[in-house]
Every structure is written in structure tokens, then in C-alpha cells.
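Note on naming: letters A, B, ... go to the chains in the order of the sequence lines (proteins, then strands), and numbering restarts at 1 for each one.
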Number of protein chains: 2
Amino acid sequence: MDTSISRSLAPREHVVTLLERHGVTATQQRVEVGQVLFACPQHLSADQILERVMAIGARVSKATIYNTLNLFSERGLVRTLTIDGDRQFYDPTTTPHHHFYNVDTGELTDIPADAVALSALPTPPAGTAHERVDVIIRVRST
Amino acid sequence: MDTSISRSLAPREHVVTLLERHGVTATQQRVEVGQVLFACPQHLSADQILERVMAIGARVSKATIYNTLNLFSERGLVRTLTIDGDRQFYDPTTTPHHHFYNVDTGELTDIPADAVALSALPTPPAGTAHERVDVIIRVRST
DNA sequence: TTCTATGCAAAGACTTTGCATGCTG
DNA sequence: CAGCATGCAAAGTCTTTGCATAGAA
């Protein structure tokens, strides 16, 4: 088998459709970022995405990575996660769900929304309305 | 009344005792940071703390602010919050509780632990154990 | 005195911005 | 062709680090 670093990519077609459906012009670089990002449920940093995009032979600048990720985030194509202060992670899963965060390894794992029973949410402060609930379960290696 | 910026401070005695109880040497600067931080339940950034410490006439360098906050955090005197990626907030309330986060204003508000009913927490990934659960309810201004 | 804390400035990590060039429609 | 996207490098933020000096026990 192939000994080089090869990862599955989301099909080009699929990414193009996805971008268009969100009103994002499907340029070369954005599609490549999308192919990496939407390959599977995962949590990648901007740097990791840049690496992987480079690894598939595409050339995208760091600035474009950030521009693209911010655009995707605004348009609801990805969810931006901030767990520790160091860096942001981009999560292709945009449907409601939560996360395990391993404080020792930094690893993030998805938790399906229905695995956490959140009853009786408190009333938001006056003049505000619920937008989203994030549950982060910090775990440590045993 | 006093027109200058004056805020209540935690009593010096109280802060000294608190630090000692956590095995932290109660130096001049640490006590001043503590007086600002432990004045009331709040969420301050490193910069805001520096500002307020300066405002009470104490002179503390930025490096010491960060060193002190990191130390306090390690020793469990404060809880470090990372909400958006921009900066960290330090929360003097270390008992379990959750937060409202206003995505428009950046404002953080405490939620008592018992105001959120979290039943049926999922099992942590193999080889890990629960450490803490954070619930962040994002709200937007209406 | 002996070890730890502090200050200052420089270094570092991550992210954003400005501007000229290139691609999209 | 008009306008948005991209690349590059520089600028910006927040935070950490190194080293000499000052303070605590």
C-alpha cells in the first residue's frame, strides 16, 4: 500500500455543492480546504488544515486559510471551537453536539447532542436570547 | 463623593490568608492582584486586572500579572475561562458553576451549578476520567 | 543569607491586514 | 471587464521567557 501520508478527502463535487448552497464562491483554494475539512468528523487547527492542504499538493497561503475558515464559520459551514486559549479548532459538524476535551493530550471528541440530558436551562439575562449551548466535559488520562 | 475610579477591593487580610492556605507566598504584588480579583464575582482579563491594580496605585509588571494568574490558576485560586479565542478571563469563583456568554457584547454571567440540570453524562473515552463539566450558554442581544 | 519573585524587554505563537496580482462570472 | 479572491509579508494581540535585581523566610 501507499506509504506516503494519504488521507481520504471529501469529494470535490460534494464540497462545491456545499459551498454554493451556503452562498460561498467555490474557488480552487476554498474547495481544497473544504475537501480536507469535510473529509470526516474531526477537529483541526488552522495549521493542521494548511499542512494537509499542502500535503495533497495544493498551494494555499496561510492568509487564505484563515480567510477561508473565517468565511466558512460566518456562513455556518463549520463551527469554531475555542477550548484552551492557544488556538482555535474547526469542527465540520455543525449540528448540535458537545465535546469531551482531554486536558492532558488536548484531544477533542464529539458527543452526540442526545447523549447529554440538559433539562431546565436557566432564563437568559434580560435583553438576550439563547443562541446555542455548549457542553465541554473535561477529562484527564488515567 | 469621590469622582476618581474607585472600586471595592477584597480586604488585604483575607487575601493573604487565602494565598497562604493555597501554599502561595503572599508577596506584595500577588496580594494586590488578589485584592482586585477576589473583590467580587467577576470575569476579568489579564489586561483589566493590570489596569485595576495600577489604578489602586500599585506597580506591577505585565509579566508578573501573567505569572501570578497562572500560579493562582494552578493552585486552584481562580478558574481560567477561554470563551472566544482572543483572550482568557479569570474567574474568582472556583466552585462548580456555568456561564452565559453574550456573543454580541462579550459579557460573561455566572450561572449557579444547580440552575442547570445535567443528567446522564456520557461515559468518558476509554482511559480517561471526568474532571469538570463546563456549560456555556451563548446568548445574543435582542 | 539563600531561594523565590519581580521587572523589563525581547521573543513567540497565532491571527489579521494591506496591497498588488490573478481568477471568477 | 468589474469585482472578489489570493499571496506575501508586515503588523497586531496576547502571552511567555531570560536574565539581572529586589524581596521573602
**Prompt:** Under the salt bridge (Lys or Arg N to Asp or Glu O under 4.0 Å) rule, what pairs show up with a residue in residues 12-21 of chain A, not counting sequence neighbours?
**Reply:**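 The answer is none; no pair qualifies.
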
Mind calculating the distance between [atom1] ([X]) and [atom2] ([N]) to the nearest angstrom?
X: B:Glu74; N: D:dT16; atom1: CD; atom2: P; value: 11 Å
X: B:Gln29; N: D:dT21; atom1: CD; atom2: P; value: 18 Å
X: B:Ile49; N: D:dT15; atom1: CD1; atom2: C1'; value: 14 Å
X: B:Ile65; N: C:dC8; atom1: CD1; atom2: C1'; value: 14 Å
X: B:Leu69; N: C:dA5; atom1: CG; atom2: P; value: 15 Å
X: B:Leu44; N: D:dC14; atom1: CG; atom2: P; value: 15 Å

**Item:** Side chain to side chain, B:Leu37 and B:Tyr90, heavy atoms closer than 4.5 Å
**Value:**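 Yes, at least one pair of side-chain atoms sits under 4.5 Å.
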
**Prompt:** Is the distance from OP1 or OP2 of D:dG7 to the nearest side-chain N or O of A:Ser61 less than 4.0 Å?
**Reply:**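 Indeed, a polar side-chain atom of A:Ser61 lies that close.
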
**Request:** Report yes if a side-chain nitrogen or oxygen of A:Arg59 is closer than 4.0 Å to either non-bridging phosphate oxygen (OP1 or OP2) of D:dT6; otherwise report no.
**Result:**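 It does not, given that no N or O in the side chain of A:Arg59 lies less than 4.0 Å from OP1 or OP2 of D:dT6.
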
**Message:** Can you tell me if A:His14 has over 12 outside heavy atoms packed within less than 6.0 Å of its NE2?
**Reply:**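 Not buried by this count: 12 neighbours or fewer within 6.0 Å.
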
Could you pull out all donor-acceptor pairs under 3.5 Å where a side-chain atom in residues 106-117 of chain A meets a protein atom, sequence neighbours excluded?
unit_1	atom_1	unit_2	atom_2	d
A:Asp110	OD1	A:His43	NE2	2.8
A:Asp110	OD1	A:His97	NE2	3.2
A:Asp110	OD1	A:His99	NE2	3.1

Distance-only criterion, 3.5 Å: show the donor-acceptor pairs between side-chain atoms of residues 134-142 of chain B and protein atoms not counting sequence neighbours.
unit_1	atom_1	unit_2	atom_2	d
B:Asp134	OD1	B:Arg79	NH2	2.8
B:Asp134	OD1	B:Arg132	NE	3.1
B:Asp134	OD2	A:Arg138	NE	2.9
B:Asp134	OD2	A:Arg138	NH2	3.0
B:Asp134	OD2	B:Arg132	NH2	2.8
B:Arg138	NE	A:Asp134	OD2	2.9
B:Arg138	NH2	A:Asp134	OD2	3.0
B:Arg140	NE	A:Glu131	OE1	2.7
B:Ser141	OG	B:Asn102	ND2	3.2
B:Thr142	OG1	A:Gly127	O	3.0

**Request:** Give a yes or no on whether the backbone of A:Leu81 and the side-chain of A:Gln88 come within a donor-acceptor separation of less than 3.5 Å.
**Result:**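 The answer is no, because no donor-acceptor pair under 3.5 Å joins these two groups.
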
**Request:** Enter the inter-axis angle for the ends of the helix from C:dT1-D:dA25 to C:dG25-D:dC1 (five pairs per end, rounded to 10°).
**Result:**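 That helix gives 40° between its end axes.
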
**Request:** Going 5' to 3' through nucleotides 12-25 of chain C, assign each nucleotide B (protein heavy atom under 4.0 Å from a base atom), S (under 4.0 Å only from sugar-phosphate atoms) or - (no protein heavy atom that close).
**Result:** --SBBB------SS

**Message:** Tell me which pairs pass side chain to side chain donor-acceptor pair (under 3.5 Å) where either residue lies in residues 57-68 of chain B, with sequence neighbours left out.
**Reply:**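 For residues 57-68 of chain B: B:Ser61-B:Thr64.
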
**Asked** Once you round to the nearest 0.5 Å, how far does OG1 of B:Thr94 lie from CG of B:Leu77?
**Response**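 Reported value, rounded in 0.5 Å steps: 8.0 Å.
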
**Message:** Within this structure, what is the CG-CZ distance for the pair B:Leu18 and B:Phe38, rounded to the nearest 0.5 Å?
**Reply:**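 The CZ atom of B:Phe38 is 5.0 Å from CG of B:Leu18, to the nearest 0.5 Å.
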
